[in-house]
Amino acid sequence: MRLLLVEDDPRTADYVVKGLSEAGHICDLLRDGRDGLFVATRNAYDVIVADRMLPGLDGLSMIKAVRAAGVRTPAIFLTSVGGVDDRVEGLDAGGDDYLVKPFAFSELLARINALGRRPAVQEQKTTLRIADLEMDLIQRRVTRQGQAIDLQPREFSLLEALMRGEGRVITRTMLLERVWDFHFDPKTSVVETHISRLRAKIDRPFEVPLIHTVRNTGYSLHAPS
């Protein structure tokens, strides 16, 4: 496999490159997060291995930017930052695995090989469409019947969550987690208030409503049957 290692600690970098080369892999080494982002988005790799604490651009931001550029190469964080919240943050940023230093090279190699065996991930959509409603995820624009709809950031995130779950019921709890990052019920009407605002922009100016309330459960966005 061809691997990209972004690691600024010389001892760790030399140790990993030597081990990967002995295992038959081709490993490109970079020591700066900005360089890593540039190379990762312009060359094809089987796996990216990145430290979190990097000069130029930290590893977390680097992988986020790689994912934003549409690159789906599997990535593993190799870092001394190992708290539960840190690992969750790394995975949420687009990492596929997380290994805490100090580490056994055999475990790193096994994890890299496991990521390399995964089937290729399909290119992530940059546009969502349901009936005559369209969302451009790159330019963050929403239109219906070709008419631009001005949404606030939270409204955009709420609509994105509904559109990604097309035809499925998205519960209030799921929306609180995905849009507000609440992992508890704040006992407020924040979801209902924002759904009402969203309907005023997405549905009411048009003949056919797309946002539907599922009583005592949540909401569903789908085209009329």
- [ ] For Val6 and Asp32, work out which heavy atoms get closest and say how close.
- [x] CG1-O, 3.7 Å

Task: Test item: Arg172 and Glu192 side chains (from C-beta on) under 4.5 Å apart, heavy atoms - done: yes

- [ ] Run through Leu158, Val179, Leu159, Leu175 and flag the one making a side-chain contact (heavy atoms from CB on, under 4.5 Å) with His194.
- [x] Leu158

Open item on the list: For a quick test of reading the model, state the closest non-hydrogen atom pair linking Leu20 to Phe105 and the distance between them.
Closed with: N-CZ, 3.4 Å

- [ ] Determine yes or no for a side-chain-to-main-chain donor-acceptor pair under 3.5 angstrom, with Asp46 supplying the side chain and Arg2 the backbone.
- [x] yes

TODO: Assess whether atom NZ of Lys101 is packed by more than 12 heavy atoms of other residues, nucleotides or ligands within 6.0 Å.
DONE: yes

Open item on the list: In the structure I gave you, are the side-chain heavy atoms of Tyr219 and Val191 within less than 4.5 Å of one another anywhere?
Closed with: yes

TODO: For residues Asp97 and Leu91, report the shortest heavy-atom separation together with the two atoms involved.
DONE: N-CD2, 3.9 Å

TODO: Decide yes or no for Leu210 and Pro224: does some side-chain heavy atom of the first lie under 4.5 Å from some side-chain heavy atom of the second?
DONE: yes

Task: Side-chain donor or acceptor of Thr217 paired with backbone N/O of Arg215 under 3.5 Å - done: yes

Open item on the list: Tell me the closest heavy-atom pair linking Tyr45 and Val39, and the distance in Å.
Closed with: OH-CG1, 3.2 Å

Task: Main-chain N/O of Leu4 paired with Asp28 side-chain donor or acceptor, under 3.5 Å - done: no

Task: Smallest separation among heavy atoms of Val17 and Cys27, with atom names - done: CG2-SG, 4.1 Å

Task: Any donor-acceptor pair under 3.5 Å from Arg52 side chain to Asp86 backbone - done: yes

Task: Side-chain donor/acceptor of Asp8 to backbone N/O of Arg31, under 3.5 Å - done: no

Open item on the list: Are more than 12 heavy atoms, taken from residues, nucleotides or ligands other than Phe38, located less than 6.0 Å from that residue's CZ atom?
Closed with: no

Task: Distance-minimising heavy-atom pair for Val214 and Ser220 - done: CG2-CB, 4.2 Å

Task: Min side-chain heavy-atom separation Leu198-Leu162 under 4.5 Å - done: yes

Open item on the list: For the backbone of Val71 and the side chain of Arg67, can you confirm whether one donor and one acceptor N or O come within less than 3.5 Å of each other?
Closed with: yes

Open item on the list: When you compare the side chain of Arg199 with that of Thr213, does any pair of heavy atoms fall below 4.5 Å?
Closed with: yes

Open item on the list: Per the ring pair (Phe, Tyr, Trp, His ring centres under 6.0 Å) rule, what does the pair list look like for residues 65-100, sequence neighbours excluded?
Closed with: Phe77-Tyr98

Task: Min side-chain heavy-atom separation Leu137-Arg164 under 4.5 Å - done: yes

TODO: Verify the cluster assignment for Val47 and Ile26: are they in a single hydrophobic cluster under the rule of side-chain heavy atoms below 4.5 Å apart?
DONE: no

Task: Evaluation steps, salt bridge (Lys or Arg N to Asp or Glu O under 4.0 Å), between Lys201 and Glu155 - done: CA-CA 10 Å; Lys201 297 179 179 182; Glu155 294 168 348; 2.8 Å; yes

Sequence neighbours excluded and cut-off under 3.5 Å, please list the side-chain donor-acceptor pairs for residues 145-152, or say none.
from	atom 1	to	atom 2	distance (Å)
Gln145	NE2	Asp132	OD2	3.0

